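Below is one structure; the comments refer to it alone.
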Number of protein chains: 2
Amino acid sequence: MGLTKSEIFTDTQNDIASFAKAFAHPARVAILQQLFKMDSCYCGNLVDEIGLAQPTISQHLKELRNLGLIKGNVEGTSVCYCIDKENWQKMKEVLMLFLDQDTQTKDECC
Amino acid sequence: MGLTKSEIFTDTQNDIASFAKAFAHPARVAILQQLFKMDSCYCGNLVDEIGLAQPTISQHLKELRNLGLIKGNVEGTSVCYCIDKENWQKMKEVLMLFLDQDTQTKDECC
DNA sequence: TTATTTAATTGCAATATTACGATTAATATT
DNA sequence: AATATTAATCGTAATATTGCAATTAAATAA
């Protein structure tokens with residue numbers, strides 16, 4: 001079918017999945033790393049750095065923007081992108097809690 | 001095209017994306033949470049707990065197994081699944097390093 | 001006004017993912 | 001041996017994702 005039955009899962013489970021989906025493609029990982037590394041974070045820079053076409057990068061940026069992980073600032077014909085630190089922190093809290101489950105449990109069952 | 005150009009990305013970027021993909025579906029998030037919560041982690045329990053068909057759960061389990069995050073132990077006709085703590089820890093290190101990037105950088109550019 | 005530059009959008013092709021019915025495989029039970 | 005139980009696999013349908021050429025939109029420069 002190809003359609004996730006999101007209604008049978010909790011909000012938290014869907015949130016974790018949504019955030020994880022942001023990192024589930026190496027291009028988006030690369031984009032985020034660049035945004036953390038660079039001071040100048042123009043869209044064109046990302047196209048140059050990462051070897052993908054401009055529409056492809058633009059599409060990935062849109063997904064990250066929709067999730068709230070980045071924000072874009074229009075400067076003339078250019079757009080300067082950067083990490084939305086506040087939302088990044090929120091996302092981190094949700095994911096960390098999930099990743100840290102192993103510290104709160106005893107030993108293996110099998 | 002629908003085909004990720006993994007060859008243009010670094011191993012780390014591809015690793016992060018692969019791990020994130022494991023959590024990029026609420027069913028797999030739910031499975032992992034159950035495995036952490038339960039002592040008895042039989043495949044049938046997961047089918048009952050999560051409202052998806054047995055082949056669907058089996059398929060999700062396979063993906064988690066291929067990534068090394070869980071391991072299954074055959075007990076008669078049943079299979080007992082549990083978290084592979086060692087690999088979970090390794091995965092955590094990779095993802096944490098990525099998520100913690102915000103602590104290592106200065107303020108926003110825009 | 002007419003380029004030029006930069007990035008978003010549209011349209012489309014190809015591959016990936018999700019889900020499940022039907023079947024199969026393997027073990028246990030009668 | 002025949003049946004029951006449990007989970008994997010196969011096949012298939014439907015939706016999602018990835019990628020890019022072509023185009024559009026918006027602002028700047030000539």
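This structure is a prediction, so every number in the text was calculated from the model and none was measured.
- In this structure, OH in A:Tyr42 is found 3.5 Å from CD in A:Glu75, a value given to the nearest 0.5 Å.
- Within the 4.5 Å cutoff, the side chain of A:Gln33 has heavy atoms near those of the B:Ile16 side chain.
- Reading DNA chain C from its 5' end, the first and the last nucleotide to sit under 4.0 Å from a heavy atom of chain A are C:dT5 to C:dC20.
- Under a 3.5 Å cut-off, the side chain of B:Asp84 and the backbone N or O of B:Lys71 do not form any donor-acceptor pair.
- Here the straight-line distance linking atom CD1 of A:Ile70 with atom CG of A:Asn87 works out to 11.5 Å at 0.5 Å rounding.
- Distance, A:Asn73 CG to D:dA26 C1': 16 Å, rounded to whole Å.
- Partners of B:Thr77 by side-chain hydrogen bond (donor to acceptor under 3.5 Å, both in side chains), not counting sequence neighbours: none found.
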Side chains of residues 52-68 of chain A: which donor-acceptor pairs under 3.5 Å do they make with residues two or more places apart or in other chains?
unit_1, atom_1, unit_2, atom_2, d
A:His60, ND1, A:Arg28, NH1, 3.0
A:Glu63, OE1, A:Arg28, NH1, 3.1
A:Asn66, ND2, A:Lys62, O, 3.4

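- Taking every heavy atom of residues 56-70 of chain B and every atom of DNA chain C, pairs under 4.0 Å involve B:Thr56, B:Gln59, B:His60, B:Glu63, by number.
- Counting heavy atoms from C-beta outward, A:Val29 and B:Asn14 have side chains that stay 4.5 Å or more apart.
- As a whole-Å value, the separation of B:His25 NE2 from D:dT17 C1' is 14 Å.
- In this structure, B:Val79 and A:Gly76 both approach DNA chain D, and ranking their closest nucleotides by distance from the 5' end singles out B:Val79.
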Can you name the atoms? Protein N/O to nucleotides 12-14 of chain D N/O, anything below 3.5 Å, with the distance.
unit_1, atom_1, unit_2, atom_2, d
D:dA13, N1, A:Met1, N, 3.1
D:dA13, N3, A:Met1, N, 2.9
D:dA14, N3, A:Met1, O, 2.5
D:dA14, N3, A:Gly2, N, 3.2

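- DNA chain C is contacted by both A:Ser6 and A:Gln54; A:Gln54 maps to the nucleotide lying nearer its 5′ end (nearest heavy atom per residue).
- Counting only heavy atoms from C-beta on, B:Thr77 has its side chain closest to D:dT5 among D:dT17, D:dA7, D:dT5.
- Note that the OG atom of B:Ser78 and the CG atom of B:Asn73 stand 11.5 Å from one another [nearest 0.5 Å].
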Using atom types as modelled, flag every donor-acceptor pair under 3.5 Å from a side chain in residues 89-100 of chain B to any protein atom, sequence neighbours excluded.
unit_1, atom_1, unit_2, atom_2, d
B:Gln89, NE2, B:Glu93, OE2, 3.4
B:Lys92, NZ, A:Asp100, OD1, 2.9
B:Lys92, NZ, A:Asp102, OD1, 2.9
B:Asp100, OD1, A:Lys92, NZ, 2.9

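- Remark: B:Tyr81 is not in phosphate contact with D:dT6, judged by side-chain N or O atoms under 4.0 Å from OP1 or OP2.
- Nucleotide D:dT6 is matched to C:dA25 when pairs are restricted to Watson-Crick or G-U wobble geometry with both distances under 3.5 angstrom.
- One finds the CD atom of B:Gln34 at 15.5 Å from the OH atom of B:Tyr81 (value rounded to the nearest 0.5 Å).
- Distance check, rounded to the nearest 0.5 Å: CD1 of B:Ile83 to CG of B:Leu32 gives 5.0 Å.
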